[in-house]
Amino acid sequence: MSDNDILAGRLAVITGGSSGIGAATARRLADAGADVIIGYHHSEERAEALRSRLPRGSHEIARLSLADPESFKALSAHIASKRGKLDILVNSAGFTRAINHADLDTLTDALFEEILIANVRGPYSAIRALLPVLCASGDAVVINVSSISGFTASGSNVAYCASKAALDNMTASLARALGPEVRLLTVSPGAVATDFVPGRDRAALEAGAKATPLKRVIEPDDVSSAILACITHLKASTGSRIVVDGGRHL
């Protein structure tokens with residue numbers, strides 16, 4: 001089997017799949033032969049444009065809300081009736097705002113809760129709702145896109161760091177609980193060249209990269225490559241963290 005069809009016959013759901021890391025992952029998994037369901041929240045047009053450009057396969061889009069567990073239940077029912085099983089879930093959607101860690105007034109209780117719901121409860125809701133179709137696969141894997149903020153405590157704000165630490169911990173707990181039917185891994189990037197963090201431009205990324213051992217900006221494709229490796233090559237791994245940061249955390 002060539003790299004171009006290594007995922008042939010497999011179905012992947014990608015939350016936050018219409019942009020950034022999610023979109024890069026959709027393209028990479030489709031290139032490897034998978035059918036892809038692109039999860040989006042607001043950007044239906046962008047999700048549809050991406051779907052139309054994916055190679056071959058039977059690809060779809062689905063509106064998903066991290067704050068609405070019912071949206072994941074509806075997707076699970078759709079997959080069960082139309083596809084029968086789900087092989088890959090990539091939880092790439094999330095939310096943050098750039099707030100200085102000392103600025104506790106701006107990081108309000110409401111915003112703190114919103115970040116936790118998006119980055120922790122949202123992925124949990126997705127896993128819980130989709131678990132029946134994941135178990136039907138016989139070889140399912142869940143990739144939670146985390147961040148080095150989860151173990152460095154340095155990131156866009158205090159709540160974001162806390163949410164990614166919780167996501168890492170939850171991944172380990174569920175890996176222990178859901179094996180052998182489902183493997184779970186986290187992929188933890190450093191700063192990535194996307195518009196995920198408002199106000200962070202290319203110049204800031206390049207300046208930060210100079211202080212890392214590899215001295216290169218991390219691109220969405222770097223992260224999607226790690227996600228593909230988790231699916232195809234790290235078959236004996238679960239509950240582990242794969243760091244993609246050019247050595248920034250060292």
Side-chain angles (χ1 to χ4, degrees), residues 14-32 38-43 46-47 49-50 53-54 90-104 106-107 111 114-115 118-119 123 143-168 185-231 233-234 240-250:
I14 303 170
T15 72
S18 66
S19 63
I21 292 170
T25 301
R27 289 189 289 267
R28 189 168 296 277
L29 300 191
D31 284 343
I38 301 166
Y40 71 93
H41 188 202
H42 298 299
S43 305
R46 186 168 60 192
L50 174 61
R53 294 193 299 268
L54 294 180
V90 180
N91 282 312
S92 181
F95 168 69
T96 195
R97 280 180 54 190
I99 302 172
N100 187 286
H101 283 212
D103 187 358
L104 303 191
T106 299
L107 183 58
L111 180 56
E114 186 178 359
I115 291 170
N119 297 343
I143 311 298
N144 290 323
V145 178
S146 186
S147 169
I148 64 170
S149 298
F151 61 90
T152 65
S154 177
S156 51
N157 62 63
V158 169
Y160 180 76
C161 294
S163 73
K164 292 303 186 179
L167 181 62
D168 291 350
L185 295 157
T186 56
V187 169
S188 298
V192 182
T194 70
D195 59 2
F196 179 65
V197 179
R200 185 175 66 191
D201 59 13
R202 184 78 187 190
L205 290 168
E206 291 176 351
K210 291 177 182 178
T212 69
L214 297 189
K215 303 187 186 307
R216 61 187 293 270
V217 173
I218 303 303
E219 304 289 347
D221 279 344
D222 294 317
V223 186
S224 70
S225 292
I227 291 170
L228 180 62
C230 288
I231 297 165
H233 287 72
L234 303 184
S240 300
R241 176 196 298 134
I242 308 302
V243 178
V244 186
D245 71 341
R248 179 182 292 267
H249 70 283
L250 298 174

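Position 1 is the first residue of the sequence; numbering continues from there. Remember, it's a predicted structure, so these values are computed and weren't measured experimentally. Atom set for the values below is all heavy atoms of this structure, side chains included, hydrogens, waters and symmetry mates excluded.
- Distance OG/S149 to CG/D168: 10.0 Å, rounded to 0.5 Å.
- Minimum heavy-atom separation, A193 to V217: CB-CG1, 4.0 Å.
- Considering CG of L29 and CG of L54, their distance stands at 9.5 Å, rounded to 0.5 Å.
- The minimum heavy-atom distance between A26 and G17, with the atom names listed, is CB-O, 4.4 Å.
- For the pair V158 and C161, the minimum side-chain heavy-atom distance is 4.5 Å or more.
- Listed here is the closest heavy atom pair of A32 and L228: CB-CD1, 4.3 Å.
- Counting only distance, with no hydrogens or angles, the side chain of T15 and the backbone of A93 share a donor-acceptor pair below 3.5 Å.
- At least one donor-acceptor pair closer than 3.5 Å links the side chain of K215 to the backbone N or O of K210.
- Rounding to the nearest 0.5 angstrom, the gap separating the CD1 atom in I242 from the CG atom in L234 is 5.5 Å.
- Residues A226 and V187 share a closest heavy-atom pair of CB-CG1, 4.2 Å.
- The minimum heavy-atom distance between P213 and L250, with the atom names listed, is CG-CD1, 4.0 Å.
- No side-chain heavy atom of I227 sits under 4.5 Å from any side-chain heavy atom of R28.
- With sequence neighbours excluded, the residues that form a side chain to side chain donor-acceptor pair (under 3.5 Å) with R216 are D222.
- Separating the CD1 atom in I14 from the CD1 atom in I143 is a distance of 11.0 Å, to the nearest 0.5 Å.
- Side-chain contact, S156 with T96: a donor N or O sits under 3.5 Å from an acceptor N or O.
- By the 4.5 Å heavy-atom criterion applied to side chains, R46 and S19 are counted as neighbours.
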*asked:* What verdict does the side-chain contact (heavy atoms from CB on, under 4.5 Å) test give for L167 and N119, after you've listed the backbone C-alpha separation in whole Å, the side-chain angles of each residue and the deciding distance to 0.1 Å?
replied: CA-CA 7 Å; L167 181 62; N119 297 343; 5.9 Å; no
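- Using a 4.5 Å heavy-atom threshold, the side chains of I148 and V243 count as touching.
- For the pair K164 (side chain) and A153 (backbone), a donor-acceptor distance under 3.5 Å is absent.
- Between the H101 side chain and the G155 main chain, a donor and an acceptor come within less than 3.5 Å of each other.
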*Begin with the C-alpha distance, continue with both residues' side-chain angles, and end with the deciding distance and a verdict on side-chain contact (heavy atoms from CB on, under 4.5 Å) for L107 and R97.*
CA-CA 9 Å; L107 183 58; R97 280 180 54 190; over 6 Å; no
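- Between Y160 and F95, the shortest heavy-atom distance links the atoms CD1-O, 4.0 Å.
- Note that the CG atom of N157 and the CD1 atom of I115 stand 4.0 Å from one another [nearest 0.5 Å].
- No side-chain donor from either of S188 and D245 sits under 3.5 Å from a side-chain acceptor of the other.
- Atom CD of E219 sits about 10.5 Å away from atom OG of S224, to the nearest 0.5 Å.
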_Pair I218, T212 - check side-chain contact (heavy atoms from CB on, under 4.5 Å), show working._
CA-CA 11 Å; I218 303 303; T212 69; over 6 Å; no
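- Side-chain atoms of N100 come within 3.5 Å of backbone atoms of A102 as a donor-acceptor pair (strictly under, hydrogens ignored).
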